[in-house]
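See below for the structure under consideration.
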Amino acid sequence: MSHPIIAPSILAADFANLEKEIKMVNESDADWFHLDVMDGVFVPNISFGMPVIEAISRHAKKPLDVHLMIVQPERYVKDFALLGADVLTVHYEASTHLHRTLQAIKAEGMKAGVALNPHTNVSVLKDTLQDIDLVCMMSVNPGFGGQSFIKNTYTKVKELKKMIEEQGASTQIEIDGGVTNKNAAQLVDAGADVLVAGSFVFKADDPKAAIKSLK
Ligand code: DX5
Ligand code: ZN
């Protein structure tokens, strides 16, 4: 079994000690930083925005995977490119002209991601899959860390994996929400390439060991 990419979600970090938390991720077996931007409109919660990401990018030594949970994400593509985002993910449910937004993300030199809410069927991506570098499959309802993993995700991952193989696409599958070392292996078996983990990593007594246990 190949090792998944591990992307700790900074949403669960101690914001009063962000430099220390970033250093921990830099020194760990993690591969990316997952940064959750929430606007209080697309999701009920508000997290952090540009100045915090700018500060993180000054210390982070690994790629920044930015997950936008905001309405009209196309308005900010250039801003996040300038902040140093390597992957920029927009929600399918928040994008009226998804294809255009994906092209705009790629034109700025970033990988283009699309996130799907738990209620959204993977089939909606059939006609854009060739243009998507990463699908962020939400395994909780977006807006908060620390929620329980929705088991139907396994079925959705398998469906998406099949669609990717049928189309010969190179899209990566990312799982976001409620990921722990109890479901990681089953998710990778089902076809997941990237595992996001917030609470499981940052609330652990030994975060570096928690990251290792997800590999
Ligand atoms: C939820 C966010 C997730 C969140 C995951 O809306 O997109 O990235 O931080 O947190 P855990 O791993 O605690 O479910
Ligand atoms: Zn996320």
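Every heavy atom of this structure was used, including side-chain atoms; hydrogens, water molecules and symmetry mates were not. By convention here, the first residue in the shown sequence is residue 1.
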CD of E174 to CH2 of W32, rounded to nearest 0.5 Å, is 6.0 Å
query = In terms of hydrophobic clusters joined by side-chain contacts under 4.5 Å, are V52 and V37 together?
reply = yes
With a 3.5 Å distance limit and no angle check, can you tell me whether H3 reaches the backbone of K215 through a side-chain donor-acceptor pair?
yes
Checklist entry - Heavy atoms, side chains only, cut-off 4.5 Å: are K208 and S213 in contact? => result no
Problem set entry | Cluster overlap F202 with V179, hydrophobic side-chain contacts below 4.5 Å | yes
Here the pair of heavy atoms bringing A192 nearest to L195 is CB-CD2, 4.2 Å
Give a yes or no answer on whether the side chain of K62 reaches the backbone of N26 with a donor-acceptor pair at less than 3.5 Å. yes
Self-check item: Side chains of M50 and Y76 in contact at under 4.5 Å (non-hydrogen atoms)
Solution: yes
**Q.** Centroid-centroid under 6.0 Å between F200 and F149 rings
**A.** no
Between the NZ atom in K23 and the CG atom in L18, the distance rounded to the nearest 0.5 Å is 14.0 Å
Give a yes-or-no answer on whether the side chains of S9 and D36 include a donor-acceptor pair shorter than 3.5 Å. yes
Q) Would a 4.5 Å heavy-atom cut-off, applied to side chains only, mark L160 and V157 as touching? A) no
Exercise. So do the side chains of I6 and D29 get within less than 4.5 Å of each other, counting heavy atoms only?
Worked result: no
Hydrophobic cluster identity match, F80 and I56, side-chain contacts under 4.5 Å: yes
Using atom types as modelled and distance alone, determine if a side-chain donor or acceptor of S57 lies under 3.5 Å from a backbone N or O of G84.
no
Describe, in one word, how the ring planes of F42 and H91 are oriented to each other, choosing from parallel (under 30°), tilted (30 to 60°) and perpendicular (over 60°).
-> tilted
For V114, does its backbone N or O pair with a side-chain atom of T89 as donor and acceptor, under 3.5 Å?
no
Value for CE (M137) from CG (N152), rounded to nearest 0.5 Å, stands at 9.5 Å
Scanning both residues in full, the closest heavy-atom pair of A12 with G198 reads CB-C, 3.4 Å
Nearest heavy-atom contact between A190 and K161 is O-CB, 4.0 Å
Verdict with supporting geometry, H99 and D131, side-chain contact (heavy atoms from CB on, under 4.5 Å): CA-CA 8 Å; H99 184 269; D131 299 288; 3.6 Å; yes
> Given side chains that start at C-beta, do those of D133 and L102 come closer than 4.5 Å, heavy atoms only?
Replying inline: no
Q) Quick one: does D65's side chain have a donor or acceptor within less than 3.5 Å of a partner on F33's backbone? A) no
**OP:** Evaluate the criterion side-chain contact (heavy atoms from CB on, under 4.5 Å) for residue pair I211 and M24; output intermediate values, then yes/no.
**Re:** CA-CA 10 Å; I211 290 168; M24 182 282 290; 4.0 Å; yes
| task | Would you confirm whether E159, through its side chain, and V122, through its main-chain N or O, come within 3.5 Å as a donor-acceptor pair? | result | no
Report task. Ignoring hydrogens and angles, state whether a donor on the side chain of S95 or E74 is under 3.5 Å from an acceptor on the partner side chain. Result -> no
Between the CD atom in E19 and the NE2 atom in H59, the distance rounded to the nearest 0.5 Å is 4.0 Å
Exercise for the section: For side-chain contact (heavy atoms from CB on, under 4.5 Å), just list the numbers for L134 and V194, CA-CA rounded to whole Å, side-chain angles, deciding distance to a tenth of an Å, and then say yes or no. Expected result: CA-CA 9 Å; L134 173 137; V194 185; 4.2 Å; yes
Are M110 and D86 close enough that some pair of their side-chain heavy atoms sits under 4.5 Å apart?
no
- Between the main-chain N or O of A169 and the side-chain N or O of Q130, is there a donor-acceptor pair closer than 3.5 Å? no
| Side-chain contact, heavy-atom cut-off 4.5 Å: L88 with K111? | no
Discussion item. So does G178 get a backbone contact from the side chain of N183, meaning a donor-acceptor N/O pair under 3.5 Å?
Written reply: yes
Interatomic distance, CG@D176 vs NE2@H67, rounded to 0.5 Å, equals 5.5 Å
With clusters defined by side-chain heavy atoms of hydrophobic residues (ILVMFWY) lying less than 4.5 Å apart, directly or transitively, does I164 cluster with L98?
yes
Margin query: What I'd like to find out is whether the side chain of M163 reaches to under 4.5 Å of the side chain of L129, using heavy atoms alone.
Written below: yes
The side chain to side chain contact (heavy atoms under 4.5 Å, CB included) partner of E108 among L82, V77, D79 is V77
To the nearest 0.5 Å, atom CD1 of I10 lies from atom CD of E21 at 7.0 Å
- request: Group every Ile, Leu, Val, Met, Phe, Trp and Tyr by side-chain heavy-atom contacts under 4.5 Å, then state whether L35 and L68 land in the same group.
  value: yes
Margin query: Looking at G143, is its backbone amide N or carbonyl O close enough to the side chain of N45 to form a donor-acceptor pair, meaning the two atoms are under 3.5 Å apart?
Written below: yes
Donor-acceptor pair, D14 side chain versus A16 backbone, under 3.5 Å? yes
Heavy-atom nearest pair, M69 first then P142, reads SD-CB, 3.7 Å
Residues P4 and L214: closest non-hydrogen pair is CG-O, 3.7 Å
Shortest non-hydrogen pair, V41 vs D39, comes out as N-OD1, 2.8 Å
